[in-house]
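Let me begin by presenting the structure, written as structure tokens, before commenting on it.
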Amino acid sequence: MTVFDQGPARTRGTRVGPGVRAVIAAMAVAAVVGLEAQDPPAQPPASQQPTSVELRITGDPGTPPRLAIPDLIALSPDKEVQEAAKVIGQVLWDDMDYEREFYMIPRDTYRSIQAATSISDVPFDRWRELGADGVVVGTVQRAPTGIRVEMRLYNVRARQQSYGREYTGAAANPRIYAHTMADEIHLSQRSLHGVARTKLAFSSDRNRDPVANTIEKRDVKEIYISDYDGANQRRITINRNLNINPNWSPDGRSIAYTSYRKTLPDIIISNIYVGTMEEPAKGLGQNFLPVFSPDGQRVAFMSTRDGNSELYIMNRDGSNLRRLTSHPAIDSTPTWSPSGTQVAFTSDRSGSPQIYVVAPDGTGLRRLSYESYADRATWSPAPYNEIAFAARTGPGFDIKILSLADGVTRQITFGEGTNESPAWSPNGRHLAFVSTRAGRSQIFTVDRDGRNVRQLTRDGNNFTPNWSQH
């Protein structure tokens, strides 16, 4: 897509605790099937940032701006363009609603306003009667490369354009135009980095294939990716084995995960947009739970190579391996601080699994959590300084957030099923997590204040989400 500027758990196979060794042993019977390269999904389009903002949309004092987004205008008669105009309008409305920066005027109230016939045909009086402070008007038409999409954000009170862009590209995935618009509007109007173009990675048993070359009746788990809202779910691995615990590289081009494709668990890095694969741990010992450092140059992981389950750090290519922890207990599920100067992890060295933190050179170890059982820490992005984790709150688990600034812990799920494996969005405003509240284990997202729970997956069981940074 070309853009022209127009101005302004944790899975149960990795749970820390007495049962983890038995589960690891059971999973290790998986046999080898080669990873087949997939035709990679389209990357989010690169786009220029606006050079100026002519006029910001504001609401009444103390209230968010009220925004309307009708269907875009289809300027070409063919079905593909007509459908794209509807999809872009609806998805853009949903994307803008997700961040709660605007009050989104419901689309079913637009019927009283005559549909525009051109991008400059804006009935400001009618939109103002509906209470809109801003309105997005756009067009879609056929172009040599696919479609051409033009978008303008108008300040209804001032009757002026606040922001405008033009996009050209393929017509196969019109949602990406809406996602791009949403992120750019949020940045220009609210100085917010939205998540509309980000992706989720997760593990799923939805294929219901038995693990290859084993008599054990166990469904395979494959790695999937999706849009941030659960759309466009697509499988990345096809090897009829256990592929779990995906973690995005900071540039969003690769996914590291644990795979049993060679019987014993090892770390794979799949470069999903070029179809290549790396094995940085070199198959030494059993290796689990890889997580990229914030600069993408290092990987922290769990390994049994020295006998116990310890944490290690290596360069992305496997060089410069060094041991991070040394204790008879099980140390697991590492997560990097945004600065790359600390690693939080789970350990049962105190008797029950708790969250600890340590520097990458192994110094400064200290305990952070004092729950009956705490696991699967995930460090929030800057400027927040928080760690989300799963805590036992009864028969199941709930998501809690620990503020490292003052030590206060707050709970954001409350016993609706069991809730595990939290993962922060790149702007720190949302969490993805696994919950059984709908029956099976499914991926949900929730705002950091516990509001707006949304279910993203529905097929099979789905585990350990991870949110891309871009």
Side-chain angles (χ1 to χ4, degrees), residues 9-11 14-18 20 245 247 288-294 298 300-302 308-313 323-394 396-414 418-425 428 430-434 446 448-450 464 466-467:
R10 77 194 196 284
T11 63
T14 55
R15 174 179 294 173
V16 173
V20 70
N245 302 306
N247 181 261
F288 308 86
L289 300 160
V291 56
F292 283 101
S293 62
R298 296 172 291 172
F301 64 103
M302 168 186 170
N308 293 326
S309 296
E310 305 286 2
L311 298 184
Y312 295 77
I313 295 176
R323 186 166 168 173
L324 182 59
T325 62
S326 182
H327 196 280
I330 296 176
D331 298 328
S332 183
T333 61
T335 178
W336 293 85
S337 68
S339 63
T341 57
Q342 291 181 296
V343 176
F345 63 98
T346 302
S347 178
D348 61 359
R349 62 184 65 199
S350 63
S352 64
Q354 300 295 336
I355 309 301
Y356 290 77
V357 67
V358 67
D361 62 2
T363 62
L365 177 73
R366 60 190 175 97
R367 180 174 170 177
L368 295 180
S369 70
Y370 292 85
E371 306 283 340
S372 63
Y373 191 125
D375 193 8
R376 281 284 176 181
T378 177
W379 213 307
S380 67
Y384 304 104
N385 189 23
E386 298 176 329
I387 288 177
F389 61 95
R392 180 176 285 151
T393 53
F397 288 76
D398 278 301
I399 306 301
K400 294 187 176 183
I401 299 175
L402 168 65
S403 169
L404 297 176
D406 56 18
V408 174
T409 298
R410 69 183 190 276
Q411 186 171 330
I412 63 169
T413 66
F414 295 90
T418 190
N419 305 281
E420 310 178 16
S421 299
W424 288 101
S425 67
H430 319 279
L431 285 157
F433 66 102
V434 177
V446 62
R448 63 179 293 111
D449 59 6
T464 57
N466 185 251
W467 215 312

Asp375 side, atom CG; Thr346 side, atom OG1 - distance, nearest 0.5 Å: 4.0 Å

Results of ring pair (Phe, Tyr, Trp, His ring centres under 6.0 Å) for Phe433 - residues two or more places apart only: Phe444

Closest contact, heavy atoms only, Ser369 versus Ala374: OG-CB, 3.5 Å

Value rounded to 0.5 Å, distance of CG in Leu311 from CD1 in Ile330: 11.5 Å

Asn245 (side chain) donor-acceptor with Leu289 (main chain) under 3.5 angstrom: no

Point-to-point distance, once rounded to the nearest 0.5 Å, from CG of Leu402 to CD1 of Ile387: 6.0 Å

Gap separating the CH2 atom of Trp424 from the CG atom of Leu431, nearest 0.5 angstrom: 4.5 Å

Least distance between heavy atoms, Ile313 atom then Ala300 atom: CG1-CB, 4.2 Å

Exam field: side chain Asp406 to backbone Val408, donor-acceptor pair closer than 3.5 Å: yes

Any residue meeting ring pair (Phe, Tyr, Trp, His ring centres under 6.0 Å) with Tyr384, in chain and number order, not counting sequence neighbours: none

N/O donor-acceptor pair under 3.5 Å between Thr418 side chain and Gly396 backbone: no

Check: Ile399 main-chain N/O paired with Thr413 side-chain donor or acceptor under 3.5 Å: yes

Donor-acceptor contact below 3.5 Å, side chain Gln354 vs main chain Glu371: yes

Exam field: side chain Ser347 to backbone Arg349, donor-acceptor pair closer than 3.5 Å: yes

Student check: side-chain heavy atoms of Thr409 and Phe389 closer than 4.5 Å: yes

Set of salt bridge (Lys or Arg N to Asp or Glu O under 4.0 Å) partners for Arg448, sequence neighbours left out: Glu386

Criterion side-chain contact (heavy atoms from CB on, under 4.5 Å) on Leu365 and Thr325, from CA distance to verdict: CA-CA 9 Å; Leu365 177 73; Thr325 62; 5.9 Å; no

Separation between CH2 of Trp379 and OG1 of Thr335, rounded to the nearest 0.5 Å: 7.5 Å

Partner residues of Ser293 under the side-chain contact (heavy atoms from CB on, under 4.5 Å) criterion, sequence neighbours left out: Asp295, Arg298, Trp336

Worked verdict on Ser350 versus Tyr356 for side-chain contact (heavy atoms from CB on, under 4.5 Å): CA-CA 10 Å; Ser350 63; Tyr356 290 77; 3.2 Å; yes

Heavy-atom closest contact (Ala390 atom, Asn419 atom, distance): CB-O, 3.9 Å

side-chain contact (heavy atoms from CB on, under 4.5 Å) partners for Thr341, two or more places apart: Ser337, Ser339

Non-hydrogen atoms of Pro328 and Asn308 that approach each other most closely: CA-ND2, 3.7 Å

Nearest heavy-atom neighbours spanning Arg376 and Ile355: N-CD1, 4.5 Å

Thr393: side-chain contact (heavy atoms from CB on, under 4.5 Å) partners, not counting sequence neighbours: Asp398, Lys400, Gln411

Inter-residue atom distance Phe397.CZ - Arg392.CZ, 0.5 Å rounding: 4.5 Å

Shortest non-hydrogen contact between Gly340 and Pro360, atoms and distance: O-CG, 3.6 Å

